[in-house]
Amino acid sequence: MRLTDINTVKQIMNEYNLNFKKKFGQNFLINASVPERIADECTDGNFESGILEIGPGIGTLTYELAKRYKKVVAIEIDATLIPALEYTLSEFDNVKIISADVMKLDIKELCEKEFEGMHFSVCANLPYYITTPAIMHLLESRAKFDYITVMIQKEVVARLCSKPGDSDYGAITASVSYYGSVKKLFSVPAGCFMPMPKVDSAVMRIKLYDEPPIDVMDTKIFFRVIKGAFAQRRKTLSNSLASEFGEFDRQTIAGIIEASGYNVSIRGEALGIEDYAKIADKLHEMKKK
């Protein structure tokens, strides 16, 4: 079955009385090379792995994943797509379709149940509207993913692949880099989708660390530092953190930044996670006093 063929897509949608739903960011792939390449590159070639897919649509990417991997669990929020998915994936006995909102699921518990004794990764064509929340939901779940491979808006991939000091560098960049290393795999023009979105996409892969690359005393404070550092980009880090950590006065915040080895006038976007960790640890120690 050629699920990237426009006529096939139209036929399935007519047969199952389906419409593209903007609220779910539905754009189906119509370029066969894209799902094939995503499926090939979403792991290190361990085809005995399990794959958690988010938003399978009519099963275009799911089909390619099922041909390669031991087990695929696909989570679809749009219940009207389930009958179509059951049809398009009927030849596979290694696919499980779950009708649910991924943001409301306990990801760690789900993966431990579905992929017991297996390596497993995430592979998804994420709707633009949930890109950042979905990625952070997966990372914060502490599920033992090998990789998280997602196709998202091209500009967001550029942001996630940026370095401290780059104009694209932001809170999401720093937060994700605590969990894994990010690599852009390839770009996907808007014309590869039906309906065609207004922006181009790109596929990126996060290789998850077995252990975080830095030690922090309190991860909640650490992520508050990152959040505060980028909340007011035009302000100095000292002023930004003073707004985030209202429990400390500005002089104390400035003193912590200087004690961590940084000029009090530095801006948050100039720092990496090792730097945020230093500041977070000193804030943690100050809280204990």
Side-chain angles (χ1 to χ4, degrees), residues 1 3 29 34-78 81-82 84-127 130-131 133-152 160 175-186 203-213:
M1 186 177 297
L3 294 176
L29 282 163
V34 176
E36 290 171 0
R37 186 172 175 185
I38 295 173
D40 282 337
E41 298 185 29
C42 69
T43 71
D44 57 3
N46 180 4
F47 297 119
E48 289 298 305
S49 297
I51 301 292
L52 179 69
E53 186 190 9
I54 302 165
I58 59 168
T60 310
L61 175 57
T62 325
Y63 193 93
E64 298 301 328
L65 293 169
K67 287 198 299 185
R68 292 163 174 76
Y69 296 95
K70 188 172 182 178
K71 182 175 183 180
V72 178
V73 175
I75 302 169
E76 177 54 59
I77 191 172
D78 184 359
L81 287 172
I82 303 303
L85 279 167
E86 290 173 346
Y87 165 68
T88 60
L89 302 171
S90 59
E91 68 185 83
F92 300 104
D93 61 6
N94 61 334
V95 177
K96 181 172 183 177
I97 302 164
I98 297 175
S99 180
D101 180 350
V102 70
M103 299 301 292
K104 296 178 180 178
L105 291 178
D106 184 325
I107 298 298
K108 186 172 186 288
E109 182 181 297
L110 174 69
C111 290
E112 287 175 351
K113 176 185 174 184
E114 298 293 342
F115 304 121
E116 184 178 1
M118 301 169 63
H119 284 268
F120 54 91
S121 296
V122 172
C123 190
N125 173 14
L126 287 180
I130 64 160
T131 294
I135 290 173
M136 291 310 300
H137 181 54
L138 292 167
L139 293 172
E140 291 169 355
S141 74
R142 298 293 181 173
K144 295 293 184 181
F145 300 116
D146 289 336
Y147 298 92
I148 295 175
T149 303
V150 290
M151 179 160 58
I152 54 178
L160 288 167
S175 297
V176 170
S177 68
Y178 174 78
Y179 295 99
S181 59
V182 183
K183 178 182 180 182
K184 178 183 174 182
L185 298 181
F186 59 96
V203 179
M204 69 162 204
R205 187 176 67 198
I206 306 171
K207 179 176 173 57
L208 280 295
Y209 298 127
D210 292 331
E211 296 292 338

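Nothing fancy with the numbering, it's 1 onward along the sequence. Values below: all heavy atoms of this structure, side chains included; hydrogens, waters and symmetry mates excluded.
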Task: Minimum heavy-atom distance between C42 and I51, given as atom pair plus value - done: SG-CD1, 4.1 Å
Task: Gap between atom CG of D93 and atom OG of S90 - 0.5 Å precision - done: 11.5 Å
- [ ] Sorted by first residue and then second, give each salt bridge (Lys or Arg N to Asp or Glu O under 4.0 Å) pair with at least one member in residues 52-69; sequence neighbours left out.
- [x] D40-R68, E64-K67, E64-R68
Open item on the list: Can a donor-acceptor pair be found, under 3.5 Å and without considering hydrogens, that links the side chain of D146 to the backbone of S121?
Closed with: no
Open item on the list: I need the minimum non-hydrogen distance between G59 and T88, along with the two atoms involved.
Closed with: CA-OG1, 4.3 Å
Task: Spacing of CD1 belonging to I148 relative to CZ belonging to R205, to within rounding of 0.5 Å - done: 12.5 Å
Task: Interatomic distance, M136 atom CE to I130 atom CD1 [nearest 0.5 angstrom] - done: 14.0 Å
TODO: Please round to the nearest 0.5 Å and tell me the distance separating atom CG of L139 and atom CZ of F145.
DONE: 8.5 Å
N/O donor to acceptor pairs below 3.5 angstrom from side-chain atoms of residues 97-104, sequence neighbours left out:
from : atom 1 : to   : atom 2 : distance (Å)
D101 : OD1    : M103 : N      : 3.0

Task: Qualifying salt bridge (Lys or Arg N to Asp or Glu O under 4.0 Å) pairs, either residue in residues 107-126, two or more places apart - done: K71-E114, K96-E114, K108-E112
For residues 176-185, run the donor-acceptor check on the side chains, cut-off 3.5 Å, and write out each pair with its distance to 0.1 Å, sequence neighbours left out.
from : atom 1 : to   : atom 2 : distance (Å)
S177 : OG     : T173 : O      : 3.4
S177 : OG     : A174 : O      : 2.7
K184 : NZ     : S187 : OG     : 3.0

TODO: Return each pair, listed once, that meets ring-ring contact (aromatic ring centres under 6.0 Å, His included) where at least one residue sits in residues 92-116; pairs must be two or more places apart or across chains.
DONE: Y63-F92, F115-F120
TODO: Applying side chain to side chain contact (heavy atoms under 4.5 Å, CB included), run through I206 and L160 and close with a yes or a no.
DONE: CA-CA 10 Å; I206 306 171; L160 288 167; 5.9 Å; no
- [ ] Give the minimum heavy-atom separation between T60 and L29, together with the two atoms involved.
- [x] CG2-O, 4.0 Å
TODO: Just do the side chain to side chain contact (heavy atoms under 4.5 Å, CB included) check on V122 and I107 with the steps written out, would you?
DONE: CA-CA 11 Å; V122 172; I107 298 298; over 6 Å; no
Task: Qualifying ring-ring contact (aromatic ring centres under 6.0 Å, His included) pairs with a residue from residues 37-62, counting only residues at least two apart or across chains - done: F47-Y69
- [ ] Just do the side chain to side chain contact (heavy atoms under 4.5 Å, CB included) check on L61 and M151 with the steps written out, would you?
- [x] CA-CA 11 Å; L61 175 57; M151 179 160 58; over 6 Å; no
Task: OG1-CG distance between T43 and L65, expressed to the nearest 0.5 angstrom - done: 9.5 Å
TODO: Check whether any side-chain heavy atom of V72 sits under 4.5 Å from a side-chain heavy atom of L89, and report yes or no.
DONE: no
TODO: Take L110 and I75 through the test side chain to side chain contact (heavy atoms under 4.5 Å, CB included) and record every step on the way to the result.
DONE: CA-CA 11 Å; L110 174 69; I75 302 169; 3.8 Å; yes
TODO: Could you tell me which non-hydrogen atom of L105 sits nearest to which non-hydrogen atom of H137, and how far apart they are?
DONE: O-NE2, 3.2 Å
Task: Pairwise distance OH(Y87) to CE(M1) - rounded to 0.5 angstrom - done: 3.5 Å
Open item on the list: If I compare all heavy atoms of I38 with all of C123, which pair ends up nearest, and what's the gap?
Closed with: CG2-SG, 3.4 Å
- [ ] Check G50 against M118 and note the closest heavy-atom contact, atom names and distance.
- [x] N-CE, 3.4 Å
